[in-house]
Protein chains: 2
Amino acid sequence: MPTSTLAIGALAKRTGVKIPTIRYYESIGLLPEAPRTGSNRRTYDEASVRRLRFIRHARELGFEVEAIRQLLTLADDPGGPCREADVLARAHLAEIESRITRLEALRDEVRRMVEGCAQDQVRSCHVIEVLADHAHCLHERH
Amino acid sequence: MPTSTLAIGALAKRTGVKIPTIRYYESIGLLPEAPRTGSNRRTYDEASVRRLRFIRHARELGFEVEAIRQLLTLADDPGGPCREADVLARAHLAEIESRITRLEALRDEVRRMVEGCAQDQVRSCHVIEVLADHAHCLHERH
DNA sequence: TTAGAATCTCCAGCGACTGGAGGATTGAGG
DNA sequence: CCTCAATCCTCCAGTCGCTGGAGATTCTAA
Ligand SMILES: [Zn+2]
Ligand SMILES: [Zn+2]
Ligand SMILES: [Zn+2]
Ligand SMILES: [Zn+2]
């Protein structure tokens, strides 16, 4: 293999993405099918590194694969308008904020559960009581 | 079937848990194997309703199935000490708090992404720029 | 009697990977 | 040149907590 191309293991090291995950991304079409050597091994280049880093970073920031697929398509057309990318990012932001709100409500309930317990028998354990009856909760829905 | 017992559909209505989910809980041992009628249909009683409501409420509060399994075992022994239940709940609380912290960091990054965009071409889109290079981020790790 | 509702079992799919089995190929040291 | 570990390949199964569909049976009410 020429030195200018990377084997899958080298790509994995450069990007921090595990080898099976790289193959998985190819299988779902997030990465294009990599050209193969004569012995059927995948080869990559610097563009692959950039693309995979983009994917990895987007995943770390919580974007779903479908959103990343669209973001990649948009990124491939630098002359086009960026509004769609922004819409995607704003939707993701809204999703994160909603998850935080729900988790904060959960946190309050679970905190009340543990703080209300006198640490005695199960019979009088506030944790068990609350689990057994949602009426002990502050929030109507979880 | 005697009127004092419930069919699975009735149990589902009483608890808000879907029928396939009830069967799933039985299959993984969260619910005991339900006694069957002569024609092989599952039968339940009021104790089943209480147990399933407990499970459902714990799930709504975000407890994992393994934790619920332990909580149920503890709840079945009202005379025992409740410390284990409290440990489980505290661990869950810590997990929720850690998830919130991580999500807040994500929210900050994604918010910065969208707020920094001038809504022009992809070429200069801040969303795309940040995704392509983690160096634009505030936090070292996500 | 008969239609339709309810139940049964088995199995596949979701999302986003992760890892193992079993086999082929490569590269480096002796 | 030879051997052997490292690397790579494909295929498949498992993760978690459900969810729903297919096809068969049984119950219920008109
Ligand atoms: Zn307690
Ligand atoms: Zn509640
Ligand atoms: Zn933009
Ligand atoms: Zn980043």
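Order of the sequence lines fixes the chain letters, A, B, ..., with proteins taken first and strands second; residue numbering starts at 1 for each chain.
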- request: Would you check if Tyr44(B) and Ile22(B) make a side-chain contact, meaning some heavy-atom pair closer than 4.5 Å?
  value: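 They are in contact (side-chain heavy atoms under 4.5 Å apart), so the answer is yes.
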
message: Among residues 55-67 of chain B, which ones have heavy-atom contacts with DNA chain D below 4.0 Å?
response: Arg59(B), Glu64(B), Val65(B)

Sidechain N-carboxylate O distance under 4.0 Å for Glu66(A), Arg69(A):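 Salt bridge flag = yes for Arg69(A) with Glu66(A).
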
query: In terms of side-chain geometry, is the basic nitrogen of Glu104(B) or Arg111(B) positioned less than 4.0 Å from the acidic oxygen of its partner?
result: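 So Glu104(B) does not pair with Arg111(B) through a salt bridge.
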
Between [atom2] of [N] and [atom1] of [X], the distance in whole Å:
X: Glu26(A); N: dT10(D); atom1: CD; atom2: P; value: 8 Å
X: Glu33(A); N: dT10(D); atom1: CD; atom2: P; value: 10 Å
X: Leu31(A); N: dA16(C); atom1: CG; atom2: C1'; value: 14 Å
X: Ile68(B); N: dC18(D); atom1: CD1; atom2: C1'; value: 13 Å
X: Ile22(A); N: dG19(C); atom1: CD1; atom2: P; value: 14 Å

- request: Only counting residues at least two apart or in another chain, list the ones meeting side chain to side chain contact (heavy atoms under 4.5 Å, CB included) with Glu64(A).
  value: none

query: Can you find a side-chain donor-acceptor pair between Ser98(B) and Arg102(B) that sits under 3.5 Å?
result: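 Yes, a side-chain donor-acceptor pair sits under 3.5 Å.
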
Under the 3.5 angstrom rule, does the side chain of [X] hit a backbone N or O of [Y] as a donor-acceptor pair?
X: Arg99(B); Y: Leu103(A); answer: no
X: Thr43(B); Y: Pro35(B); answer: yes
X: His57(B); Y: Ala132(A); answer: no

query: Given dC16(D), is OP1 or OP2 found less than 4.0 Å from the side-chain N or O atoms of Tyr24(B)?
result: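 No, because none of the side-chain N or O atoms of Tyr24(B) sits under 4.0 Å from OP1 or OP2 of dC16(D).
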
- prompt: Does Lys18(A) have a side-chain nitrogen or oxygen under 4.0 Å from the phosphate oxygens OP1 or OP2 of dC17(C)?
  reply: no

- prompt: Can you give one letter per nucleotide of nucleotides 7-12 of chain C, 5' to 3': B if a protein heavy atom sits under 4.0 Å from the base, S if only from the sugar-phosphate, - if neither?
  reply: SBB---

